[in-house]
J.: 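Just passing along the structure, written as structure tokens.
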Amino acid sequence: MSQVRVRFAPSPTGFFHIGSARTALFNWLYARHTGGVFVLRVEDTDQARNSEEFLDLIYDSLTWLGMTWDEGPKIGGNYGPYRQSERGDIYKAYLAKLTAAGRTYEKDGAVWFKLLGERSEVYDDHRKKTVTKVANTPAVIEDQIRGRVERVEDEDFVIVRSDGNPVFHLVNVVDDIAMKITHVIRGEDHLSNTSKHVELFKAFGAPVPVYAHIPLILKQNGPGKMSKRDQGALIEDYRKRGYLPEALVNFLSLLGWNPGGDREKMPIEEIIRLFDLPAVNQSNARFDDKKLAHMNMVYLLEQPADRFVNLARAQLERAQATAALAADPGYFRDVMLLSQPKIKTLEELPPYTAYFFTENFAVDAKVREKVLAKGEPKARLVELAETLATTDFSSDTAIEEAIKALAARTSLGFGDYQSVARLAVSGTNVGPSLTGMFRVLGRERVLARIARFLPTA
RNA sequence: GUCCCCAUCGUCUAGCCCGGUUAGGACACCACCCUUUCACGGUGGGCACCGGGGUUCGAAUCCCCGUGGGGACGCCA
């Protein structure tokens with residue numbers, strides 16, 4: 001058996017979304033699993049709807065997700081060009097073969113593919129018009145995921161538009177032949193197109209590739225498949241929000257496939273090793289952003305300090321958190337590492353860390369009311385300020401011991417000091433450990449904030 | 001309407017092919033524990049074989065029908 005050749009064939013008519021990314025991923029995984037070739041082919045035959053920006057987005061997104069292509073735009077290959085808009089001559093040559101074989105005819109200025117078989121006129125209830133049906137024999141699709149599927153293609157169809165541009169069905173098949181594609185892995189929405197494609201492969205006298213129609217991803221809320229217009233559908237969005245590409249890839253790999261057993265979080269090498277077509281599910285999967293967020297958290301938690309700080313900086317740049325970016329690098333690093341074990345996604349970082357970088361931080365009114373309502377907040381703050389004035393701020397434990405000693409003297413608990421101190425110093429009731437927060441902020445800032453807060457308590 | 005695909009917790013799924021399990025895991029949810037807030041983590045809990053017929057000693061698992069969900073039916077891809 002010759003080398004596996006698969007292709008991802010997006011059309012640059014819209015934003016790159018979850019469904020496309022998953023199709024690309026399954027193709028890429030299969031190529032890597034089998035030691036085959038992953039071809040990127042741009043299906044830009046719809047001149048009216050194509051755009052270069054969308055095309056760049058496809059390149060960028062694939063690269064970001066780590067799906068490098070072996071042949072395709074930018075890098076070339078032996079079967080190029082890889083943009084269909086540049087392959088006009090090839091389509092003409094193939095079309096000529098079809099015409100020579102008597103398998104085409106013109107109607108309304110367009111070129112149609114002629115099916116073989118007896119013809120009859122039938123009224124189509126759905127389209128509200130009379131159509132010509134052809135008594136054709138069923139096309140047989142041996143699908144790697146669905147098994148044997150039979151479908152009759154019983155109407156001629158357009159392969160070249162009246163404006164001279166070839167249609168998807170033609171170029172798709174021609175390119176799969178010309179690029180020697182062995183396996184076609186695509187969404188199940190193409191399953192009913194496959195009979196058209198099989199007819200074309202036969203008309204060209206070319207071998208039909210192995211098909212694998214993967215289940216669709218359904219939108220999280222409401223009925224139907226996920227589209228680029230749905231919430232959380234855009235890859236670009238996750239990138240902006242600071243999701244880790246490896247987490248997204250891991251999550252996507254599990255939508256419609258699993259390695260068997262209980263394995264979920266896996267390094268990409270492991271996914272490649274275990275991935276195979278027959279293991280792909282047959283039923284559609286509903287997108288779940290909570291599970292994605294969880295996967296992201298698991299990956300975030302294990303990032304080495306340096307990488308996490310770099311990721312955090314990139315995210316704060318996107319959020320234009322100027323105060324944080326202007327801060328001392330050492331201080332910035334301390335703040336981020338303090339926050340790392342606390343967040344699920346990097347997009348939480350700007351609001352989560354804001355008070356570290358400005359004295360002008362917001363105070364949560366509800367929290368303030370709640371915290372000041374009990375005990376003697378003022379007295380606690382005065383005691384704490386006195387203690388902190390002489391406390392060693394170099395380690396969390398030193399600060400912790402000092403506060404605990406204070407609490408012991410006043411017959412109170414650590415918690416009696418914590419909530420009010422946190423409010424005074426950060427304006428909220430959530431955040432990293434109090435002692436870590438104090439250590440990073442430093443004595444001066446902590447004392448100043450308490451002093452400023454005191455009169456209002 | 002016609003054709004095609006599918007069907008296990010709310011969600012992703014294991015188990016199905018090669019019938020015998022207290023139907024397993026993860027996310028989410030609830031409770032408790034841990035704790036210095038919030039998270040993380042830990043323990044426990046609730047939660048599923050779409051319905052009906054077969055076949056069989058025995059069906060989530062095999063077959064049929066129904067129902068439900070999804071997709072396609074463009075001079076879009």
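Every heavy atom of this structure was used, including side-chain atoms; hydrogens, water molecules and symmetry mates were not. Keep in mind it's a predicted model, so treat the numbers as computed, not measured. All chains are named by letter (A, B, ...) in the order of the sequence lines, taking the proteins before the strands, and each is independently numbered beginning at 1.
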J.: On RNA chain B, check which nucleotide each of V298(A) and S433(A) is closest to and give me the residue with the more 5' one.
T.: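 By nearest-heavy-atom nucleotide position, the 5'-most residue is S433(A).
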J.: C1' atom, C49(B) versus A59(B): distance in rounded Å?
T.: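 11 Å, rounded to whole Å.
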J.: To the side chain of R286(A), which of U36(B), U11(B), G71(B) is closest?
T.: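 Looking only at heavy atoms from C-beta outward on R286(A), the closest nucleotide is U11(B).
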J.: Check the angle between the aromatic planes of Y30(A) and H183(A) and answer parallel, tilted or perpendicular using the 30° and 60° thresholds.
T.: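 Tilted, since the angle between the ring planes falls between 30° and 60°.
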J.: Under a 3.5 Å threshold, yes or no: a donor from one side chain and an acceptor from the other, between N296(A) and T345(A)?
T.: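 The answer is no; no qualifying pair exists.
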J.: Which nucleotide sits closest to the side chain of R422(A): A14(B), C4(B), U36(B)?
T.: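 Closest of the options to the side chain of R422(A): U36(B).
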J.: Would you measure the distance from the C1' atom in U22(B) across to the matching atom in A48(B) and give it in whole Å?
T.: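 U22(B) and A48(B) have their C1' atoms separated by 15 Å.
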J.: For U13(B) versus A23(B), give the span between their P atoms, rounded off to a whole number of Å.
T.: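 Here U13(B) and A23(B) have their P atoms 22 Å from each other.
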J.: Within the 4.0 Å heavy-atom criterion, would you say L216(A) contacts the bases, only the backbone, or no part of the nucleic acid?
T.: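 Sugar-phosphate contact only.
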J.: Tell me what G415(A) touches on the nucleic acid: a base, only sugar-phosphate, or nothing, going by heavy atoms under 4.0 Å.
T.: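 Touches nothing.
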J.: Out of C38(B), C12(B), U36(B), which nucleotide sits closest to the side chain of T435(A)?
T.: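 So the nucleotide nearest the side chain must be U36(B).
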J.: Taking only the side-chain nitrogens and oxygens of K344(A), find out if one of them lies under 4.0 Å from OP1 or OP2 of C40(B).
T.: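 Yes.
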J.: Please state how far atom CG in N429(A) lies from atom P in C38(B), giving the value in whole angstrom units.
T.: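 Computing the N429(A):CG to C38(B):P distance gives 7 Å.
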J.: Among C75(B), C12(B), C40(B), which nucleotide has an atom closest to any side-chain atom of W112(A)?
T.: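 Nucleotide nearest to W112(A)'s side chain: C75(B).
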J.: How far does the P atom of C9(B) sit from the matching atom of C50(B), given to the nearest Å?
T.: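 It comes out at 7 Å once rounded to the nearest Å.
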J.: Contact class for A110(A) (heavy atom, under 4.0 Å): base, sugar-phosphate, or nothing?
T.: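 Base: the residue A110(A), judged by heavy atoms under 4.0 Å, touches a nucleobase.
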J.: Out of U37(B), U36(B), G25(B), which has the shortest distance to the side chain of K404(A)?
T.: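 The nucleotide sitting nearest to the side chain is U36(B).
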J.: Take the protein atom NZ of K196(A) and the nucleotide atom C1' of G71(B), then report the distance between them rounded to whole Å.
T.: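 Value for this atom pair: 13 Å.
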J.: Between C18(B) and G10(B), how far is it from one C1' atom to the other, in whole Å?
T.: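 Between the two C1' atoms, the distance is 33 Å.
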J.: Measuring from the side chain of S192(A) (C-beta onward, heavy atoms only), which nucleotide among U13(B), G71(B), G74(B) has the closest atom?
T.: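 Nearest nucleotide to the side chain: G71(B).
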J.: Does a donor on one side chain sit under 3.5 Å from an acceptor on the other, for Y105(A) and D156(A)?
T.: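 Looking only at side-chain atoms, D156(A) and Y105(A) do form a donor-acceptor pair, the distance falling under 3.5 Å.
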J.: Test side chain to side chain donor-acceptor pair (under 3.5 Å) on E121(A) and T132(A); report intermediate values, then the result.
T.: CA-CA 5 Å; E121(A) 304 291 305; T132(A) 303; 3.0 Å; yes
J.: Closest nucleotide of RNA chain B for K133(A) versus for K225(A): which of these residues is on the 5' side?
T.: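 By nearest-heavy-atom nucleotide position, the 5'-most residue is K133(A).
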J.: Does E142(A), at its CD atom, have more than 12 non-hydrogen atoms belonging to other residues, nucleotides or ligands within less than 6.0 Å?
T.: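 Counting other residues, nucleotides and ligands, CD of E142(A) exceeds 12 neighbours.
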J.: Give N193(A) one of three labels, base, sugar-phosphate or nothing, depending on what nucleic acid heavy atoms sit under 4.0 Å from its own.
T.: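 Base: the residue N193(A), judged by heavy atoms under 4.0 Å, touches a nucleobase.
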J.: Could you classify C62(B) for me, syn or anti, using a glycosidic angle within 90° of 0 as syn?
T.: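 That one's anti.
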J.: What's the closest nucleotide to the R146(A) side chain, out of C75(B), U36(B), C5(B)?
T.: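 For R146(A), the side-chain atoms sit closest to C5(B).
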J.: Counting only Watson-Crick or G-U wobble pairs whose two distances fall under 3.5 Å, which nucleotide matches U2(B)?
T.: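 In the structure as shown, U2(B) has A72(B) as its Watson-Crick or wobble partner.
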J.: Start with the C-alpha gap between K291(A) and F251(A), add the side-chain angles, then the distance that decides, and say whether side-chain contact (heavy atoms from CB on, under 4.5 Å) holds.
T.: CA-CA 8 Å; K291(A) 186 139 185 171; F251(A) 171 77; 4.0 Å; yes
J.: Does G20(B) have a Watson-Crick or wobble mate here (both distances under 3.5 Å), and if so which one?
T.: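 Per the H-bond distance test, C57(B).
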J.: Tell me the partner of C47(B), counting only Watson-Crick (N1-N3 plus N6-O4 or O6-N4) or G-U wobble (N1-O2 and O6-N3) with both under 3.5 Å; none if nothing fits.
T.: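 Across any shown strand, C47(B) pairs with none.
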J.: Examine U13(B): is either OP1 or OP2 under 4.0 Å from a nitrogen or oxygen in the side chain of N281(A)? Give yes or no.
T.: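 For U13(B), OP1 or OP2 has a side-chain N or O of N281(A) closer than 4.0 Å.
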J.: Can you tell me how the ring of H190(A) sits relative to the ring of F168(A), calling it parallel under 30°, perpendicular over 60° and tilted otherwise?
T.: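 H190(A) vs F168(A) ring planes: tilted.
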J.: By the 4.0 Å heavy-atom rule, please label P432(A) as base, sugar-phosphate, or nothing.
T.: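 The residue P432(A) makes base contact.
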J.: Provide the distance between the two C1' atoms, one in U43(B) and one in U35(B), to the nearest whole Å.
T.: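 Comparing C1' positions in U43(B) and U35(B) gives a spacing of 16 Å.
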J.: Thinking salt bridges, do E43(A) and R7(A) make one under a 4.0 Å N-O criterion?
T.: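 No, no charged N to carboxylate O under 4.0 Å.
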J.: Determine: side-chain N/O of R127(A) to OP1/OP2 of G1(B), distance under 4.0 Å, yes or no.
T.: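 Checking G1(B) against R127(A), no side-chain N or O comes under 4.0 Å of OP1 or OP2.
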J.: Measure the distance from CZ on R263(A) to C1' on U13(B) and round it to the nearest whole Å.
T.: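 Rounded to whole Å, this separation is 15 Å.
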J.: Closer than 4.0 Å, any side-chain N/O of N284(A) to the OP1 or OP2 of C6(B)?
T.: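 The answer is no; no side-chain N or O of N284(A) sits under 4.0 Å from OP1 or OP2.
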J.: It should be established whether Q418(A) places a side-chain nitrogen or oxygen under 4.0 Å from OP1 or OP2 of nucleotide U37(B).
T.: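 Answer is no, no contact under 4.0 Å.
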J.: Evaluate whether the aromatic ring of H126(A) and the six-membered ring of the U2(B) base sit under 5.5 Å apart, centre to centre, with an inclination under 30°.
T.: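 No; by the centre-distance and plane-angle rule, H126(A) does not count as stacking on U2(B).
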J.: So is R22(A) actually on top of F26(A)'s ring, under 6.0 Å and inside 45° of the axis?
T.: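 Satisfied, under 6.0 Å and within 45°.
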J.: Of the nucleotides G1(B), G25(B), A77(B), which has the atom closest to the H169(A) side chain?
T.: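 Per side-chain heavy atoms of H169(A), the pick is A77(B).
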J.: Just the rounded figure in Å: distance from P of G68(B) to CG of L218(A).
T.: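 The distance from CG of L218(A) to P of G68(B) comes to 17 Å, rounded to the nearest Å.
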J.: What about K290(A), does its side chain sit under 3.5 Å from the base of C27(B) through a donor-acceptor pair?
T.: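 Looking at the base of C27(B), it does not pair with any donor or acceptor on the side chain of K290(A) (distance under 3.5 Å).
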J.: Just the rounded figure in Å: distance from C1' of A26(B) to CG of D288(A).
T.: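 Checked: the CG to C1' distance equals 10 Å.
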J.: Pairing check on A7(B): which nucleotide meets the Watson-Crick or G-U wobble criteria with it, both distances under 3.5 Å?
T.: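 Across all strands, the one nucleotide that pairs with A7(B) is U67(B).
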J.: OP1, OP2 of C5(B) versus side-chain N and O of S283(A): anything below 4.0 Å?
T.: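 No, no such contact exists.
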J.: Whom does A14(B) pair with, Watson-Crick or G-U wobble, provided both distances fall under 3.5 Å?
T.: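 Base partner found: none.
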J.: Under 4.0 angstrom, heavy atoms only, what part of the nucleic acid is G413(A) near: base, sugar-phosphate, or nothing?
T.: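 Nothing, no heavy atom under 4.0 Å.
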J.: Of all the nucleotides listed (A26(B), C38(B), A77(B)), which has the minimum atom distance to the side chain of H294(A)?
T.: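 My answer, after comparing the listed nucleotides, is A26(B).
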J.: Looking across every strand, which nucleic acid part, if any, lies under 4.0 Å from G109(A) by heavy atom: base, sugar-phosphate, or nothing?
T.: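 Here G109(A) touches no strand at all.
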J.: Please work out if E150(A) contacts a base, only the sugar-phosphate, or nothing of the nucleic acid, heavy-atom cut-off 4.0 Å.
T.: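 Sugar-phosphate only.
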J.: Please report the distance, rounded to the nearest Å, between CG in N250(A) and C1' in A26(B).
T.: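 Going from N250(A) (CG) to A26(B) (C1'), I get 12 Å.
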J.: Using the ring of F157(A) (Phe, Tyr or Trp, six-membered ring only), decide whether K196(A) places NZ or CZ under 6.0 Å from its centre and within 45 degrees of its axis.
T.: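 The answer is yes; both the distance and angle limits are met.
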J.: Determine the Euclidean distance between corresponding C1' atoms of C32(B) and G52(B); express it in Å to zero decimal places.
T.: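 It comes out at 44 Å once rounded to the nearest Å.
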J.: Please tell me which of the listed nucleotides, G71(B), C3(B), A28(B), lies nearest to the side chain of E188(A)?
T.: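 Of the candidates, G71(B) comes closest.
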J.: Could you give the CG-to-P distance, from D262(A) to G24(B), as a whole number of Å?
T.: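 Distance, rounded to whole Å: 11 Å.
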J.: Using whole Å, report how far CD1 of I141(A) lies from P of C3(B).
T.: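 So the CD1-P distance, I141(A) to C3(B), works out to 16 Å.
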J.: Expressed in whole Å, how much space separates the P atoms belonging to G66(B) and A60(B)?
T.: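 Each nucleotide's P atom is 23 Å from the other's.
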